[in-house]
Amino acid sequence: MESPDNKILQEDIEKAASQNLPLENLKNARVMVTGATGLIGSQVVKFLLSLNRLKQMNITVLAFARSEEKAKKVFPYLEEEEHLELVLGDINRQIDYDGSVDYILHGASATSSKFFVSHPVETITTAIDGTKLLLDFAKDKQVKGVVYLSSLEVYGTPDEQAGLIGEADYGYIDPLSVRSSYSEGKRMVECLCVSYAQEYGVPIKIARLSQTFGAGVEYDDGRVFAEFARCAIEGKNIVLHTEGKTVRSYCYTMDAVTALLTILVKGESGQAYNVTNMNTAISIYDMAKLVCQVVPDSEITVERDIPEDLASFGYNPEMIVRLDSSKLQALGWQPTVDLQEMYERLIASMKATRS
């Protein structure tokens, strides 16, 4: 199995592999995944390996990661799996790999809001310099396709009356806020990607991910969805450090994986695609209330405790961002898991893997 220590995630992987996805072009391909030990990257790797087992796709997966120790923990079968190759390296340095590469999913990135405000320079340089090195590598290898994992944060703060946000709709980002290191970095990298597509013919597509979670999230993950789930598991009230008025749409992790691969093989070079479940848009406060109901016997409630130094938490300003994924769905992709089931599976997975 691809996830021997997590039954919930293994169910996700096999369910996704059973879908009739348009992934024929990946047969016999060599696919590199950067950020391969992260939440999304690791599930891309495991899903591709499942296609070999269940559909005889003969895909060679090149897992690009910084830490061999972490890679062996995430992929305990690393040494026995003939279709999985570990490529050690730092995305901020030139990629040293002599073999052929057909496709790349580029997911190596800073992901913590607190890191964005405590290390804004590193957030920016990892995004821009790291991606430039990756794009030069892709150009040299003459790959068939690249997907850059961008974010809904490129939309900034949209107008409150904007409605569904399509790929051509942009709001305001304050360039003098260090918290903008992430969102401005993502915007600049998107421009870098399309520039490589036009000037050098690198076939790169952009995936703008909404906040994504599900089975496989580590128990001590610091992001808000994991904090909510831990509160439910431990029977503690959910404490919000904002009013919780921000509205976003979300996506289940394995749905995001199938979306990324659909974009990789079916998307148009130089184009961006929103990755989200349009039926999940909800405010942070209402989502916290929903989590309280997912584990009803926990009897937890939602509290607010807004600190004076709120900026140090790295939160974005309050906003409403409902992404429109129609462009992606036109490629043949559909989300399969709604918000309540996302939390049910997240909580079951976190309980099962709690140390």
Side-chain angles (χ1 to χ4, degrees), residues 35 38-40 91-92 106-132 148-160 162 165 167 169-193 206-213 217-218 220-228 238-251 256 272 274-276 281-288 304-323:
L39 175 63
I40 297 176
I91 198 62
N92 291 303
H106 179 36
S109 173
T111 57
S112 164
S113 292
K114 288 186 177 180
F115 186 87
F116 304 157
V117 295
S118 62
H119 294 81
V121 174
E122 290 79 4
T123 299
I124 293 169
T125 55
T126 296
I128 297 175
D129 297 344
T131 302
K132 184 181 186 305
Y148 171 63
L149 275 63
S150 188
S151 166
L152 64 81
E153 292 211 21
V154 299
Y155 294 113
T157 304
D159 185 280
E160 290 186 4
I165 304 297
E167 286 80 0
D169 301 321
Y170 299 97
Y172 172 73
I173 296 176
D174 179 4
L176 299 185
S177 166
V178 295
R179 177 57 179 78
S180 300
S181 58
Y182 182 73
S183 47
E184 289 280 38
K186 288 290 187 183
R187 278 190 176 183
M188 189 65 247
V189 171
E190 287 196 8
C191 188
L192 185 65
C193 287
I206 296 162
R208 292 176 179 161
L209 292 155
S210 58
Q211 194 162 66
T212 301
F213 65 88
V217 171
E218 295 184 1
D220 59 353
D221 191 295
R223 285 170 285 189
V224 66
F225 52 79
E227 292 180 8
F228 287 3
I238 295 175
V239 180
L240 300 182
H241 298 301
T242 69
E243 292 292 337
K245 294 180 180 179
T246 287
V247 175
R248 293 193 188 99
S249 52
Y250 297 83
C251 191
N274 289 336
V275 178
T276 196
I282 192 172
S283 72
I284 298 294
Y285 180 75
D286 286 339
M287 188 168 71
R304 289 189 177 99
D305 179 18
I306 302 176
E308 292 183 5
D309 62 337
L310 184 60
S312 67
F313 284 75
Y315 298 138
N316 263 330
E318 289 183 352
M319 65 185 73
I320 299 174
V321 186
R322 296 185 175 94
L323 295 188

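Within the 3.5 Å criterion, the main-chain N or O of V275 finds a donor-acceptor partner in the side chain of S210. Remark: the backbone N or O of G171 is not paired with any side-chain donor or acceptor of T157 at under 3.5 angstrom. Remark: side-chain polar atoms of S181 are paired, donor with acceptor, to backbone N or O of V178 under 3.5 angstrom.
To the nearest 0.5 angstrom, T242 atom OG1 is 6.5 Å from I306 atom CD1. How far CD1 of I320 is from OG of S283: 9.5 Å, rounded to the nearest 0.5 Å. In this structure, F116 CZ and S180 OG are separated by 11.5 Å, a value rounded to the nearest 0.5 Å. With values rounded to the nearest 0.5 angstrom, S249 atom OG is found 7.0 Å from L152 atom CG. Taken to the nearest 0.5 Å, the OH atom of Y148 stands 8.5 Å off from the CD1 atom of I206. Taking CG of L39 as the reference point, atom CZ of R223 lies at 5.5 Å (rounded to 0.5 Å).
For the residue pair A127 and V189, the shortest heavy atom distance occurs at O-CG2, 3.2 Å. Across all their heavy atoms, I238 and A288 have their closest contact at CD1-O, 3.6 Å. Contact detail for P175 and I173: the closest heavy-atom pair is CD-O, 3.1 Å. For the pair G156 and P158, the tightest heavy-atom approach, listed with the atom from each and the gap, is O-CD, 3.2 Å.
Contact check for N92 versus T126: side-chain heavy atoms found under the 4.5 Å cut-off. Using a 4.5 Å heavy-atom cutoff, the side chains of T111 and Y182 are not in contact. Counting only heavy atoms from C-beta outward, the side chains of K245 and D286 never approach each other to under 4.5 Å. S151 has its side chain out of reach of L209: every pair of non-hydrogen atoms, C-beta onward, lies at least 4.5 Å apart. For the pair R179/S113, a side-chain contact is recorded, criterion being any heavy-atom separation below 4.5 Å from C-beta on. In this structure, H241 and V239 have side chains that are in contact, with non-hydrogen atoms separated by less than 4.5 Å. A heavy-atom distance below 4.5 Å is found between the side chains of Y285 and L240. The shortest side-chain heavy-atom distance between V247 and R322 falls under the 4.5 Å cut-off.
A donor-acceptor contact closer than 3.5 angstrom is absent between the side chains of Y170 and R187. Of the N and O atoms on the side chains of Y155 and K186, not one donor lies less than 3.5 Å from an acceptor on the other residue. With hydrogens and angles left out, the side-chain atoms of E318 and T246 include no donor and acceptor closer than 3.5 Å.
The number of heavy-atom neighbours closer than 6.0 Å to CD of E122, taken from other residues, nucleotides and ligands shown, is above 12.
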Practice prompt. Before giving the answer on side-chain contact (heavy atoms from CB on, under 4.5 Å), spell out for L323 and Y250 the whole-Å C-alpha distance, their side-chain angles and the decisive distance to 0.1 Å.
Written response: CA-CA 9 Å; L323 295 188; Y250 297 83; over 6 Å; no
Discussion item. Test side-chain contact (heavy atoms from CB on, under 4.5 Å) on T131 and H106; report intermediate values, then the result.
Written reply: CA-CA 8 Å; T131 302; H106 179 36; 3.1 Å; yes
Practice prompt. I would like to know whether Y172 and D159 meet side-chain contact (heavy atoms from CB on, under 4.5 Å); could you show each step before the answer?
Written response: CA-CA 9 Å; Y172 172 73; D159 185 280; over 6 Å; no
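E167 and R208 are not joined by a salt bridge, as no carboxylate oxygen comes within less than 4.0 angstrom of a charged side-chain nitrogen. We find that R248 and E153 are not joined by a salt bridge, their nearest charged nitrogen and carboxylate oxygen being 4.0 Å or further apart.
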